[in-house]
Chemist: 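If you scroll down you'll find the structure; I have some questions about it.
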Amino acid sequence: MEWTDSAAADEARNGNQQAFRVLVERHSHSVFRLAFRMTGNEQDAEDMVQETFLRAYKQLHQFDARSGFGTWLYRICTNCSIDLIRARKRRNEEQPFAGEKFPVHWLDRVASPGPSPERLTQSNQITNRLEDALKRLSEIERIAFVLRHYEGHDIEQIAAALGVQPNAAKHSVFRAVQKLRRALEPAWGVAAR
Amino acid sequence: MTHITEELLIEAYYSDIDDMSRQHLQECGECRAEFERLSGLLDSVRDYPVPERDELYGSDVWARLAPDLPAAKPRMNWFRWWMLTPALATVVLVAFLAGMFTGQRRAGISEKARERILLMALSDHLDRSQILLTELLHADPEIGLTGEQDKARELLGENRLLRQSAAHIGDAADADLLDALERVLLDVANGSHSSSSNGLQMIQQRIDSEALLFKVRITGTDARRRGQNL
Ligand SMILES: [Zn+2]
């Protein structure tokens, strides 16, 4: 018989590591995907996956089955991501001349499969600008945008992941899209209204 | 006429908007053009390539994670385990006093005292068995049962003596429970589980189906109470 998430979480809470293993195996892919999109860096994402599950294990007693285990994990992963981004920012502020300001961004390293030269130029342009624009978002805006745009979460889920009110979550998505538009539309030769 | 706000347009892109705004969007060329511009831009950044992770990724994550996890609660009971009375010596004494080896009851110790010692030894034994059963239920088939195997061997000797003593004094209920427990202890001590995770599963199922853990707990508590009241 297959454990449901909440049954496995119950078991794990009682010290059954096998039950927690089921949860790890079930959710690793989606946590990695989310972590990667939030950090834009493979190694950071791997670290965040580990940290997310470690925190989840230690906080199992706080898990409320009503919220869904996936949502709860996303929330933890989101917190890890905020911690990481802040720590890195702080480190960069402390070491202003320590080489690269940010690790190589994912968009620089992952080539899309065989686009035409013009498309490549255009998409590189968008890529570079998107990278810049994403850096200009606040942590919350970036995470809200990733959850909304790439993970297809609704506002309620984003609010739960961020631990904020739905209105605040909605506003973060709005601010993120607005900033991205301002940054990217000029490259397209489109004037925003 | 009031045009749709940018915030509403973004909502329209991701989900749904109210009927009035939707109708406006259908009828107003300016808002529709704005919506298409927004959609075009958001569509263009939709492709967010994530490095591939194969289907074994979850197992990899677990393999890296498991050594870092705080030990599960039942595994932290080593201290409690060793603090418990080494029951074997007590049981041998009880058996001796009960005349099981010689067929003769020893003089100088009352029936009551003997029963009391037996009940306390039984209670200690069941305490230790309870810890082992809990560990077995939570055991990781990948790690194996080395620690549990040693404990089972140790418990097996005292279990036999206690079962025989219980039968000897006509305590059928305790004798039956100890008999069921002995079969599990024997399986674990012999390592019949170690060939496959199936073996462990069968042991776990037996513990479950016979409600063994529950019975061991109850009987242990009762024995202690009975012993103290004597
Ligand atoms: Zn309009």
Side-chain angles (χ1 to χ4, degrees), chain A residues 11-12 14-22 24-29 31-34 36-37 40 42 45-46 49-50 53-54 57-58 106-107 109-113 122-123 126-127 130 133-134 146 148-150 152 154-155 170-171 173-174 176-178 180-181 184-185 188 190-193, chain B residues 3 5-11 13-16 30-31 33-38 40-66 68-77 134-135 137-143 197 200-201 204:
Chain A
E11 277 290 315
N14 291 327
N16 185 346
Q17 290 202 343
Q18 283 313 301
F20 193 65
R21 179 189 189 148
V22 168
V24 169
E25 290 183 346
R26 196 175 285 166
H27 291 279
S28 280
H29 277 94
V31 173
F32 173 75
R33 201 176 56 226
L34 176 69
F36 181 78
R37 284 174 171 164
E42 207 166 337
E46 287 292 2
V49 170
Q50 293 289 312
F53 282 114
L54 197 60
Y57 188 78
K58 290 176 183 164
W106 55 274
L107 286 167
R109 291 180 301 127
V110 191
S112 49
Q122 196 193 36
S123 88
I126 292 177
T127 294
L130 177 59
L134 283 172
V146 167
R148 189 67 158 138
H149 193 72
Y150 297 108
D154 63 30
I155 292 296
K170 193 191 275 187
H171 191 70
V173 174
F174 167 60
V177 174
Q178 207 179 32
L180 291 177
R181 288 188 80 187
L184 296 175
E185 276 181 349
W188 277 33
V190 187
R193 181 160 67 182
Chain B
H3 292 302
T5 61
E6 190 176 10
E7 192 160 11
L8 260 182
L9 285 176
I10 292 169
E11 268 184 59
Y13 176 82
Y14 286 119
S15 52
D16 221 1
E30 206 177 314
C31 282
E34 180 67 6
F35 181 71
E36 272 154 24
R37 252 198 311 276
L38 171 73
L41 182 105
L42 287 173
D43 286 347
S44 78
V45 296
R46 185 145 296 275
D47 184 28
Y48 201 137
V50 172
E52 283 290 314
R53 288 293 180 270
D54 62 22
E55 69 274 18
L56 292 176
Y57 178 61
S59 309
D60 294 344
V61 171
W62 174 252
R64 284 193 303 259
L65 185 72
D68 290 341
L69 292 184
K73 273 186 196 140
R75 290 185 182 273
M76 296 198 297
N77 277 324
T134 310
E135 282 179 355
L137 286 175
H138 294 161
D140 183 345
E142 309 260 313
I143 295 169
S197 63
L200 173 62
Q201 230 169 40
Q204 291 172 334

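Letters go in sequence order (proteins before strands), and every chain restarts at 1.
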Chemist: Is a salt bridge present between A:Arg148 and B:Glu11, judged by a nitrogen-to-oxygen distance below 4.0 Å?
Modeler: no
Chemist: Counting heavy-atom pairs under 4.5 Å with chain A, which one of B:Leu137, B:Asp54, B:Asp60, B:Leu56 comes out on top?
Modeler: B:Asp54
Chemist: What pairs with A:Arg33 under salt bridge (charged side-chain N to carboxylate O under 4.0 Å, His left out), at least two apart in sequence or on another chain?
Modeler: A:Glu151
Chemist: Could you check if a side-chain atom of B:Glu55 sits within less than 4.5 angstrom of a side-chain atom of A:Glu25, using non-hydrogen atoms only?
Modeler: no
Chemist: Measure distances from A:Gln50 to the heavy atoms of chain B and classify the residue's part below 4.5 Å as side chain, backbone, both or neither.
Modeler: both
Chemist: Sub-3.5 Å donor-acceptor pair from the side chain of B:His138 to the main-chain atoms of A:Ala12, do we have one?
Modeler: no
Chemist: Less than 4.5 Å apart, side chain to side chain, heavy atoms only: is that true for A:Phe20 and B:Trp62?
Modeler: yes
Chemist: Let's test your reading of the structure: which of A:His27, A:Arg26, A:Lys170, A:Glu11 forms the most heavy-atom pairs below 4.5 Å with chain B?
Modeler: A:Lys170
Chemist: At a 4.5 Å cut-off on heavy atoms, which part of B:Leu42 comes close to chain A: side chain, backbone, both, or neither?
Modeler: both
Chemist: So for B:Leu65, is it side chain, backbone, both, or neither that comes closer than 4.5 Å to the heavy atoms of chain A?
Modeler: both
Chemist: In terms of the angle between their ring planes, are B:Tyr13 and A:His149 parallel, tilted or perpendicular, with boundaries placed at 30° and 60°?
Modeler: parallel
Chemist: Does B:Tyr14 reach the side chain of A:Val173, with side-chain heavy atoms less than 4.5 Å apart?
Modeler: yes
Chemist: With the side chain counted from C-beta on, respond yes when A:Tyr150 and B:Val45 share a heavy-atom pair under 4.5 Å apart, and no when they do not.
Modeler: yes
Chemist: Evaluate the side-chain proximity of B:Tyr57 to A:Val49: yes if any heavy-atom separation is below 4.5 Å, no if none is.
Modeler: yes
